[in-house]
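Report on the following structure.
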Number of protein chains: 2
Amino acid sequence: MQSQVNRRSARPRPSSAVTLQQVAQDAGVSLATASRVLSDSDRNVTQELQERVLEAAARLRYVSNAPARALVQSTTSIVGLVVHDVNDAYYSAIAAGVMEVARDHKLLVMLAGTFHEPGLQVEYVARLRAQRARAVILAGSGFTGGSPALTQELDAFTAQGGRVAAVAHQGLAVDTIVPGNREGGRAVAEHLAGLGHTEIGVICGPLALVSVQDRLHGFLERAAELGVVVTEHHRVEADFTRDGGRAAAVRLFRRSPGITALFALNDAMALGALAALRDDLGRGVPSDVSVVGFDDLPVACDVTPALTTVRLPLEEIGRRALLLALGDATASPRTLDVPSRLVVRASTTPPPRVTG
Amino acid sequence: MQSQVNRRSARPRPSSAVTLQQVAQDAGVSLATASRVLSDSDRNVTQELQERVLEAAARLRYVSNAPARALVQSTTSIVGLVVHDVNDAYYSAIAAGVMEVARDHKLLVMLAGTFHEPGLQVEYVARLRAQRARAVILAGSGFTGGSPALTQELDAFTAQGGRVAAVAHQGLAVDTIVPGNREGGRAVAEHLAGLGHTEIGVICGPLALVSVQDRLHGFLERAAELGVVVTEHHRVEADFTRDGGRAAAVRLFRRSPGITALFALNDAMALGALAALRDDLGRGVPSDVSVVGFDDLPVACDVTPALTTVRLPLEEIGRRALLLALGDATASPRTLDVPSRLVVRASTTPPPRVTG
DNA sequence: TTGAAAGCGCTACCAC
DNA sequence: GTGGTAGCGCTTTCAA
């Protein structure tokens, strides 16, 4: 009775893709010869046959079946790029660097956005493993303490021959790029303390992120050395976004109205803080409050006042990450430091003179 | 009940990826049964065997070999997204929309950046065809007059069963999203003319782009209707970027210092114009010159003065594009209009009163 | 319900 | 040099 077979047997498609077999036939050569010509392996083929094959391939608009090729070679020209948010200029910049190197190496990039869900990150690495991707770049900052699930997944991927490079991750046994987050935080502390600020607020992204921790600790460390104490009371945590920064700024100033300088742990949050200061709090920047960001996104010099921030060479980080993953496997895992640099613009000045 | 012997001799490849065969062996079932369980096709498998297979797969961290699967099914879960510049907020926004739908449909996205080389665009579509991508989204505006090479390549792709959706392309015989470029241009003309501007400069991106043409013509058309003539003398062409906009603004004002309003055909150029006006030309915005952009990138409300611009729902365009490509193939090609809307902010006011 | 076996399109290894 | 052919790992008939 259950012979009611599912009749959706409509073939997925006519699948009229041109095959190598057809090209060979059209050129009057064997499959093997056609393959030799078109897969530019050993070119032990007569000039004449070569031309015949090339011509047939062009005429038929033949492109080789990448999955078939991948199956036999058990590798692909695919690299995966995992980011938290595609629409975040930080990742766009890294992606641009990755794409550049990918283009030069004739690699295809699979872009995976985790939408900030750590679970999705692991799932994407697994799918990239299934795709037999040659390498995976983890561009999004890792979580402090690491993730066992991610570690296991990465192990499986590398065991299969896949290469991995991570940016701002910890304890991952893969090639890792260490951006100058800590040193950048230190530079900000120095700048602000040097200007004479003593009451400084810090707007943090999720404290579980390695980047956030590094930037924050670098800052606190150097500030303390310079005699500026930033209590927890002067710190707020929020989403690593413009909206997060805006809300955080409002909260922070309600709590501590005496703050004269604000360090937002990335530019997106700094933008939000700028908006809050201007629209919600009615404070002038930098006349009332100095503001510093981090990353030096392109937008930093388009806002008013132009934002003092820490420059991270994001495109280069992207390039280096892929290059690392494409490089010598035997030397892995290795670590690459990419320095940051404070860029002073118009959003910071000495604190307003207090009358009295 | 012994495990069926693996008759292949010991010739292990360097890649030690777990195969379905191994899972089947480990679970003590046949390859076919393991496949049935893990490829969630017809689940006509005993509860018990099902569990055994699932357990074995989990224990071995098995993921199926996507290329192998693609080979037999002659389709993949890959969609290609072709943009001109990965690091351009316009494309980031579209990409975000595409990624969202991709995530919901369990699709993988291959991101291809053409770096503004039309040749690369065709090449990428060919590679996506080779990958047996299920669909391709052409997010970058097309060129007026079209491109025969692109058309042919797209034909080959669709002949093979691939689906295509294009944004702001012309004459392509594929599903196409038509953003409200023309209507947006008209709205700008109306706004500026309504404010009383009569000497208006237009900063154009490459005139070969469909988007540029549509925006420009919509604007000129409506301006003319309202009695405002914008001669070629008041128009400049430059790269569709911030730098292009900056250079163009300088050039334009050197030529026609009397201009009281500037229409930049995208926000990136408008940002550059703002910078030029402020830093190179010393003109106040909007006191001396009103400025209008196009796209409404997130940055538009962070600059000072906040930019009047035409809002394009870019993420939605991305979502719709992929949805279109994933939808009913028999109805293709079809056209989807996505309206734009003028957003008036602080960068536009009536022209300064001329003393005389 | 389960297992055996036929390919999917290609590369690479054999003979010739 | 060139052609035949054995699989790569998988899904999917077809038998049992």
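Lettering follows sequence order; numbering is per chain, from 1.
The only option from B:L324, B:V174, B:T176 that meets the side-chain contact (heavy atoms from CB on, under 4.5 Å) definition with B:R334 turns out to be B:L324.
Using modelled atom types and a 3.5 Å distance limit, the side chains of B:Q121 and B:E117 yield no donor-acceptor pair. For the residue pair A:Q152 / B:R61, a side-chain donor-acceptor distance below 3.5 Å is found, with atom types taken as modelled.
The phosphate of C:dG3 (OP1 or OP2) has a side-chain N or O of B:T33 nearer than 4.0 angstrom. Taking only side-chain nitrogens and oxygens, B:S30 never comes nearer than 4.0 Å to OP1 or OP2 of C:dT2. Considering only side-chain N and O atoms, A:R69 lies nowhere under 4.0 angstrom from the phosphate OP1 or OP2 of C:dC10. For C:dA12, one of the phosphate oxygens OP1 or OP2 lies less than 4.0 angstrom from a side-chain nitrogen or oxygen of A:Q73.
Of the candidate nucleotides D:dT5, C:dC10, D:dC10, C:dC10 has the atom nearest to the side chain of A:A68. Comparing C:dA5, D:dG1, D:dG3 by their closest approach to the side chain of A:R36 singles out D:dG3. Of the listed nucleotides (C:dA5, D:dT5, C:dT11), D:dT5 has the atom at the smallest distance from the side chain of A:A32.
Within the nucleic acid shown, B:S35 comes within 4.0 Å of at least one base atom, counting heavy atoms only.
The distance between atom CG of A:L31 and atom C1' of C:dG9, rounded to the nearest whole Å, is 8 Å. As rounded to whole Å, 13 Å separates atom P of D:dC8 from atom CG of B:L71. D:dT2 atom P lies 14 Å from atom CG of A:L38, rounded to whole Å. One interatomic measurement links the two molecules: CD of B:Q21 to C1' of D:dC10, which rounds to 11 Å at whole-angstrom precision.
A distance of 9.0 Å separates CD in B:Q21 from OG in B:S30, rounded to the nearest 0.5 Å.
Heavy-atom nearest nucleotides on DNA chain D were determined for B:Y62 and for A:V45, and the one closer to the 5' end corresponds to A:V45.
Side-chain N/O atoms of B:R132 and base N/O atoms of C:dG9 include no donor-acceptor pair closer than 3.5 Å.
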